[in-house]
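Structure first, then comments.
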Amino acid sequence: MKYVGLMDCNNFFVSCERLFRPDLQNKPTLVLSSNDGCVVARSQEIKDMGIPMGVPYFKVKDIIKDSKTAVFSSNFSLYRDLSARVYDSLSEQVPTVEQYSIDESFFYLNADSNTDVEREALSIKNKIERQTGIPVSIGVASNKTLAKLASKFAKKDKGVFVLDTEKLQKLALEVPLYDIWGIGINLNKSLQSNNIANVADYLALDVAVVRKLYGVVGERLWLELSGKLINKVCRKKTIKQSITHSRSFNKAIFTKSVIEDALSYHTRMAAEDLRSVNLVATGVKIFIMPSRHGDYVLQGLSANIIFDTPTDDTFAMLDNINKVLNGIYKASVPYKKAGITLFGLIDKSSLQNKLFNNTVDKNILLNTLDNLNKKFGKDFIKIGDRQKSKMWQTKADKLSPAYTTRWSDIPIVSA
DNA sequence: TCTGGGGTCCTAGGACCC
DNA sequence: TCTGGGGTCCTAGGACCC
C-alpha cells in the first residue's frame with residue numbers, strides 16, 4: 001500500500017529565526033514580508049493573540065507593543081538554506097520526495113499490512129528535528145489532497161496524523177470545504193451558494209455534476225477527496241515555467257527613469273537566476289502597477305517581448321525593455337511596484353548553437369560577472385541599473401544575520 | 001503615512017484558417 | 001443588398017497556493 005505524506009515545517013520562518021536565537025523560544029515572534037509590509041509568519045504566541053496571517057504590519061503594531069514581541073524582516077537566504085537541510089534529511093529517509101514549497105514536501109511512504117504508519121511518520125519527524133532543529137508536522141493519507149488535510153490535524157495533535165478511510169468518514173461532516181487545499185474564496189462562495197458546506201456534501205454530489213459545475217479542477221478534487229490518487233508525487237525536478245523578479249516601491253513613483261532603473265535591476269537578477277539553472281528564456285513580460293488599494297487599481301499594465309532567439313543574456317534583454325516601457329508607462333499614475341517575468345524557459349543545452357555568433361564570448365563575460373557577484377555580494381557589478389536614487393529600494397529594518405550563508409555572520413560558540 | 005513575492009494551472013475568447 | 005461553421009492555437013487574466 002502506498003501512502004502519501006506531507007511534511008510541513010511549523011511556523012517555518014519563525015522557527016528559522018529561533019534556531020539562532022534560542023532566547024526567543026516561547027516568546028511571541030513574527031516575521032514580516034518584504035518591505036516590512038505584512039505579517040507572513042507567526043509563532044504560536046502570536047496566533048494566540050488573534051493576529052491573522054497576512055495582516056499589514058501597521059495594523060497590529062499597537063497590539064504587539066506591550067508583549068515584547070520579536071519582529072523580523074524576511075531573511076530569505078537563511079530560510080532557503082535551512083529549507084534545503086530539511087529537504088535533505090527527509091530525502092535520506094524516504095524514496096520519493098517532491099518539494100512543494102519552501103517549507104513543505106510531499107513524499108511516498110511505502111508500507112505493507114504490518115507497518116505501523118503512524119510510528120513510521122513519527123520516526124521521520126523526530127529525525128528531521130534532530131538533524132535540523134526545525135520542528136515539523138507530518139500528515140499521511142492516500143493522496144496529496146488528503147495528506148494536506150491530515151497535516152492540519154497533525155499540527156493540532158502530536159505532530160503526526162494518519163487520515164484513513166474511517167477517520168475521514170467521521171471528519172467529512174465537520175471539515176468545511178474552505179479548509180481543503182485548492183478551494184479558495186471564489187470556489188467556496190460558489191459552493192456555499194449551492195448549499196455545499198462540507199466534504200460530505202461535496203462527495204454526495206455525482207461526479208458528472210461536479211465536472212459540469214466546477215470543471216476539471218473540481219472533478220480532480222472530488223476524486224482525491226474520495227480517496228483516489230490522481231496527483232502523483234514526482235521527484236524529478238521539472239524545469240521551471242517562469243522566473244519572476246519584482247518589488248514594491250517604498251513610496252509611489254512617477255518618474256520613468258526610476259522605473260527603468262528598477263526594471264533593469266529585476267532583469268539583471270532574474271537573468272542571473274536563469275543562468276544559475278542553465279535555462280534560456282523565450283521572452284520576458286514587464287509589468288508596472290499602482291497600489292492594489294487605491295484609485296488607480298486598474299491602471300497597471302504589462303507588455304511582452306519575444307526574443308529573436310531564446311536567451312539568458314542580460315544585455316540582450318535590457319536592449320528591449322525600455323522601448324516597451326514607453327508603451328505602457330503613464331506619467332499620471334503613482335506606481336507602486338514593477339517587475340519582470342521570464343517565460344518560455346527551456347534547457348540551454350537543447351538550444352542549437354547558431355554558427356558564427358558570439359554567444360561563447362558573451363557566456364564567458366556573463367559567467368564572470370555572476371561569479372564576481374556571488375563572491376563579493378549581489379550588487380558588486382551592476383548592468384543597466386544605475387541605482388542613483390534609492391527611491392525604489394525596499395525596507396528591511398529588522399533583518400537578522402545571514403547565519404548560515406555569510407562568513408562574517410556565522411555564530412561563534414564560546415564555552 | 002504604512003497592505004509581499006514567486007509560482008502553477010485552467011479557461012474564455014480572440015485570431016486565424018479552411 | 002445578401003456574408004457559415006467548425007476547428008486549432010494562443011494569450012491575458014483569473015484562481016489558487018505558500
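No hydrogens, no waters, no symmetry mates; every other heavy atom, side chains included, goes into these values.
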Q) Can you tell me if A:Trp222 uses its side chain to pair, donor with acceptor, with the backbone of A:Tyr202 under 3.5 Å? A) yes
Q. Which is it for A:Phe343 and A:Ile243 under the side chain to side chain contact (heavy atoms under 4.5 Å, CB included) test, yes or no, and what are the steps along the way?
A. CA-CA 7 Å; A:Phe343 59 83; A:Ile243 292 177; over 6 Å; no
Q. With sequence neighbours left out, what residues match A:Lys158 under salt bridge (charged side-chain N to carboxylate O under 4.0 Å, His left out)?
A. A:Glu118
Q.
Can you see whether A:Thr29 engages A:Ser43 through a side-chain donor-acceptor pair at a distance of less than 3.5 angstrom?
A. no
Q. What residues in residues 189-208 of chain A put a non-hydrogen atom under 4.0 Å from any atom of DNA chain B?
A. none
Q) With the threshold set at 4.0 Å, does a side-chain nitrogen-carboxylate oxygen contact exist between A:Lys27 and A:Asp23? A) no
Q.
Could you work out, with salt bridge (charged side-chain N to carboxylate O under 4.0 Å, His left out) as the rule, every residue matching A:Asp409, not counting sequence neighbours?
A. A:Arg406
Q) Roughly, in whole Å, what's the span from CZ in A:Phe249 to C1' in B:dC2? A) 17 Å
Q. Starting at the 5' end of DNA chain B, what dot-bracket string do you get if Watson-Crick and G-U pairs under 3.5 Å are bracketed, crossing pairs use [ ], other-strand pairs use | and unpaired bases use dots?
A. ....||||||||||||||
Q. Is the A:Tyr3 to A:Phe107 ring centre distance short of 6.0 Å?
A. no
Q. When you check the side-chain N and O atoms of A:Thr405 and A:Arg80, is any donor under 3.5 Å from an acceptor?
A. no
Q) Distance between the C1' atoms of C:dG4 and B:dC17, in whole angstroms? A) 13 Å
Q: Please list residues of residues 50-62 of chain A whose heavy atoms come under 4.0 Å from any atom in DNA chain C, ordered by number; otherwise none.
A: none
Q: May I ask you to decide if A:Cys234's main-chain N or O and A:Glu98's side chain share a donor-acceptor pair within less than 3.5 Å?
A: yes
Q.
Counting primed atoms plus P, OP1 and OP2 as sugar-phosphate and everything else as base, spell out the protein contacts along nucleotides 8-18 of chain C at 4.0 Å heavy-atom distance: B, S or - for each nucleotide, 5' to 3'.
A. ----S--SSSS
Q | Most 5' of A:Val217 and A:Thr244 on DNA chain B, judged by nearest nucleotide | A | A:Thr244
(Q) Between A:Ser242 and B:dG7, is there a contact of a side-chain N or O with OP1 or OP2 at under 4.0 Å? (A) no
(Q) I'd like to know if the side chain of A:Tyr100 pairs up with that of A:Asp8 as donor and acceptor (distance under 3.5 Å, no hydrogens or angles considered). (A) no
Q) Does A:Asn198 reach the main-chain N or O of A:Pro176 with its side chain, forming a donor-acceptor pair under 3.5 Å? A) no
